Amino acid sequence: MPSPSKEGAGVLVRPMLETDLTEARRICRVAFGTFLGVPNPEDFFADREYVFTRWRRDPAAALVAGLDGGLAGSNFATNWGSFAFFGPLTVRPDLWDQHIAQRLLAPTMDLFRKWGVREAGLFTFAHSPKHIGLYQKFGFWPRFLTAIMSKQASPRVETPLKLSALKEADQDQAIIACRKLTDSIYEGLDVTTEIGAVRSQNLGETLLLWGGESLDAFAVCHCGAGTEAGSDNCYIKFAAVKPGSGAEAAFERLLDACEFLAIERGLTRLEAGVNLNRGAAYRRMCERGFRTHISGVAMHRDDSPAYNRSDVFVIDDWR
Ligand SMILES: CC(C)(COP(=O)(O)OP(=O)(O)OC[C@H]1O[C@@H](n2cnc3c(N)ncnc32)[C@H](O)[C@@H]1OP(=O)(O)O)[C@@H](O)C(=O)NCCC(=O)NCCS
């Protein structure tokens, strides 16, 4: 396949189709595997799924760069109401540094504009001047580190209420309560598409902690191979606690609930990402025995902290 010119000419960016998924996933794995220098890049993260599941969640938010009848790369945008992020963004390694990522990012920014998001961000490699320089061109600035952390799951007594155990109408009410809770942290923040994806694609479970009539906390978890968790893992994709005086205690109960889920599913490891500017949450996780295995950086547009604030008990990492 011939290479595009330096300006990415010959590259056509278009919505991802179902027929693109297998090749987009191959490129995604080989791109990360090559960048990280693993021995068999094509097998990188082979037990984790991002491409098929994100496309199914929102096909209109998945873009590919087509080149001469094949694919050169892809990108996924995520719409969380008033906030959006993108990734995984990947380009075939033999086509790097030919502006293909930038060709994918321009229409990604158009999507953010169309969605009317207030702020946007991304997670990237803190040690890579290329990544940071690339995203700065689109108005994103490096702010705080984000720690991807993990611990062995331990047996816990907290028995969480599972969304899947509720009747259909009660599930809908619970999802509305989740939206209200995130709105109280950052106006318009809405992760109900993640809850819907877990529910419809059977990726794991959403856990709910009620305090009387209102929701104290919830966690959207991916479980095992074929999800963002990978084999043997329970991955907290997003979790949030209602702000206020009881937040710290509710955060502990929520983490207990996630460990309970992991053990119940026969998964030995719990993985969760937290932005280090959410200082109280990060410290609680360190004290619980979580250890960081990847340090990345959150980049923000327009250089604003969004909901990465010291009093916020949220777990997510924008990967
Ligand atoms: C990261 C990735 C998507 C970039 O794709 P690409 O098509 O090579 O990127 P582009 O050619 O569009 O842009 C490269 C830009 O990086 C920036 N850059 C590179 N080196 C830089 C440096 N040392 N300092 C500052 N900026 C730098 C420049 O802005 C450059 O654009 P320019 O040539 O116009 O100046 C690709 O390398 C990849 O797939 N990597 C593996 C997977 C990955 O890391 N994905 C992103 C995760 S957040």
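Because the structure is a prediction, the values reported are computed rather than measured.
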Heavy-atom count around [X] [atom1] within 6.0 Å, excluding the residue itself: above 12?
X: Glu187; atom1: CD; answer: no
X: Lys114; atom1: NZ; answer: no
X: Glu18; atom1: CD; answer: no

Cation-pi between Arg118 and Tyr186: NZ/CZ under 6.0 Å from ring centre and within 45° of the ring axis?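 Verdict for Tyr186: a cation-pi partner in Arg118.
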
Ignoring hydrogens and geometry, is there a side-chain-to-backbone donor-acceptor pair from [X] to [Y] under 3.5 Å?
X: Ser231; Y: Ala225; result: no
X: Glu49; Y: Val51; result: yes
X: Trp318; Y: Gly121; result: no
X: Gln201; Y: Thr53; result: yes

With a 4.5 Å cut-off on side-chain heavy-atom distances among I, L, V, M, F, W and Y, is there a chain of contacts connecting Val117 to Leu104?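 As far as the 4.5 Å side-chain criterion goes, Leu104 and Val117 are connected within one cluster.
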
inquiry  = For Tyr135 together with Phe86, are the ring centres under 6.0 Å from each other?
reply    =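 Yes, close enough.
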
**Message:** For the aromatic rings, using the six-membered ring if either is Trp, is the centroid distance between Phe76 and Tyr50 under 6.0 Å?
**Reply:**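 They do not qualify: ring centres at least 6.0 Å apart.
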
Any heavy-atom pair between the side chains of [Y] and [X] that's under 4.5 Å?
X: Ser214; Y: Lys242; answer: yes
X: Tyr307; Y: Thr182; answer: no
X: Cys286; Y: Met149; answer: yes
X: Trp141; Y: Met299; answer: no

Item to complete: Just do the side chain to side chain donor-acceptor pair (under 3.5 Å) check on Arg56 and Ser200 with the steps written out, would you?
Response: CA-CA 9 Å; Arg56 287 186 191 119; Ser200 64; over 6 Å; no

inquiry  = What I want to check is whether the side chains of Thr146 and Arg319 have a donor and an acceptor closer together than 3.5 Å.
reply    =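 Arg319 and Thr146 do not have a side-chain donor-acceptor pair below 3.5 Å.
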
Under 3.5 Å, is there a donor-acceptor pair linking the side chains of Arg278 and Asn308?
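Note: Arg278 and Asn308 side chains meet the donor-acceptor criterion.
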
How long is the gap from CZ on Arg269 to NZ on Lys151, to the nearest 0.5 Å?
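NZ of Lys151 is found 11.5 Å from CZ of Arg269.
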
Note to self: Nearest 0.5 Å, please: how far is OG1 in Thr227 from CG in Asp47?
What the structure shows: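 OG1 of Thr227 is found 8.5 Å from CG of Asp47.
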
- Message: Between Arg54 and Glu228, does any side-chain N to carboxylate O distance fall below 4.0 Å?
- Response: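 Result for this pair is yes, salt bridge flagged.
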
Quiz item: Are the charged groups of Asp256 and Arg253 less than 4.0 angstrom apart, N to O?
Solution: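 No salt bridge links Asp256 with Arg253.
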
